[in-house]
Amino acid sequence: MNPKPGQALPTHQPGDLYRFSAALDTFIRARDGYCVFPGCNKPAWASDLDHVDEFNHRHPAAGGQTCARDANTKCRYHHLIKTFGEWLDDQFVDAQGFTRVTVTSPDGITVIGRGHNNEALFPALRTVRFQKPPPRGPTTTTPDDLDSGGAGPQRSRTRTADKHARRRRARELNRRLRELHDLGPPADDRR
């Protein structure tokens, strides 16, 4: 599909806010070129697409939206250690307008990702626009979020929801530290 000049492309599959549209899938793979983890050279076309901020299946507008600024490519290994391990990645647009990634290890060591992606090689990638995702709403707890069980304390959120909340707080802290050190503006200023 060739968009008309200025036309915004769809970000997700019709009826499924989680699944990437073909246009967004192609764009992310073309933009990243390789797995975004530092030192990995697995081609993006042989890698997984990943929501940087974990997708919230119960409340899609609350976090981890399917959009270009919140998605990147990771090889299967790095995707699994990010999803099931304690690794944390974040993505932002630097002062020159290029997409950058930072990765924080379980020990708290933060590494800035590759100094380049295909945006420098193909500048037109920086002009592609996608439809805006639905606005983020407040995160609320529903009865479905609570663990079922007999007597004893009840959890206000699932363990997965707690893990995602910890990761969001850590990303926000890392973004503030990055701004203090002039490494780039907040991630919400593009696409």
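This one's a predicted model, so the numbers in the text were calculated from it and none came from an experiment.
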Handout entry: E54 and K82 ion-paired at < 4.0 Å
Key = yes

Problem - Y18: ring pair (Phe, Tyr, Trp, His ring centres under 6.0 Å) partners, not counting sequence neighbours - result: H51, F55, H57

Problem - Residues which pass side chain to side chain contact (heavy atoms under 4.5 Å, CB included) with R176, listed by chain and number, not counting sequence neighbours - result: E172

Practice task
Determine, for F98 and R126, whether the Lys NZ or Arg CZ falls below 6.0 Å from the six-membered ring centre while staying within 45 degrees of the axis.
Solution key: yes

Completion exercise
Cluster membership besides Y77, Ile/Leu/Val/Met/Phe/Trp/Tyr side chains within less than 4.5 angstrom, sorted by chain and number, is V36, F37, I81, W87, V101, V103

Problem - Salt-bridge present (R171, D89; N to O < 4.0 Å) - result: yes

Practice task
Can you sort out the partners of H79 under side chain to side chain contact (heavy atoms under 4.5 Å, CB included), two or more places apart, ordered by chain and number?
Solution key: D48, D50, K74, T83

Practice task
If you link ILVMFWY side chains whenever their heavy atoms are less than 4.5 Å apart, which other residues fall into the same cluster as I109? By chain and number, please.
Solution key: V111

Practice task
Please answer whether the main-chain N or O of Y34 pairs with a side-chain N or O of D32 as donor and acceptor at a distance below 3.5 Å.
Solution key: no

Practice task
List in chain and number order the residues that pass side chain to side chain donor-acceptor pair (under 3.5 Å) with T11, two or more places apart in sequence or in another chain; answer none if no residue qualifies.
Solution key: none

Exercise for the section: Write down the atom of G97, the atom of E119, and the distance for their closest heavy-atom approach. Expected result: O-OE1, 4.3 Å

Practice task
Show your reasoning for whether side chain to side chain contact (heavy atoms under 4.5 Å, CB included) applies to N72 and V52.
Solution key: CA-CA 7 Å; N72 57 35; V52 175; 3.2 Å; yes

Problem - Side-chain donor/acceptor of R175 to backbone N/O of D90, under 3.5 Å - result: no

Practice task
Can you see which heavy atom on S47 is nearest to which on K42, and at what distance?
Solution key: OG-CG, 3.6 Å

Practice task
Scan side-chain atoms only and decide if T99 and Q91 contain a donor-acceptor pair under the 3.5 Å cut-off.
Solution key: no

Problem - Partner set under side chain to side chain contact (heavy atoms under 4.5 Å, CB included) for F122, not counting sequence neighbours - result: N118, L125

Completion exercise
Looking only at heavy atoms, the pair that brings R168 and G64 closest together is NH2-N, 4.4 Å

Practice task
Mind checking side chain to side chain contact (heavy atoms under 4.5 Å, CB included) for T104 and listing every partner two or more places apart, or none if nothing turns up?
Solution key: L88, T110, N174

Exercise for the section: Report the C-alpha separation of R169 and L173 in whole Å, then their side-chain angles, then the decisive distance to 0.1 Å, and conclude whether the side chain to side chain contact (heavy atoms under 4.5 Å, CB included) test is met. Expected result: CA-CA 6 Å; R169 284 191 302 273; L173 177 63; over 6 Å; no

Practice task
Can you measure from CG (L17) to CG (N56) and round to the nearest 0.5 angstrom?
Solution key: 11.0 Å

Exercise for the section: Compare all side-chain heavy atoms of F92 with those of T102 and state whether any distance is below 4.5 angstrom. Expected result: yes

Please set out all donor-acceptor pairs under 3.5 angstrom arising from side-chain atoms of residues 20-28, sequence neighbours excluded.
unit_1: S21; atom_1: OG; unit_2: P10; atom_2: O; d: 2.6
unit_1: S21; atom_1: OG; unit_2: L24; atom_2: N; d: 3.1
unit_1: D25; atom_1: OD1; unit_2: R29; atom_2: NE; d: 2.8
unit_1: T26; atom_1: OG1; unit_2: A22; atom_2: O; d: 2.9

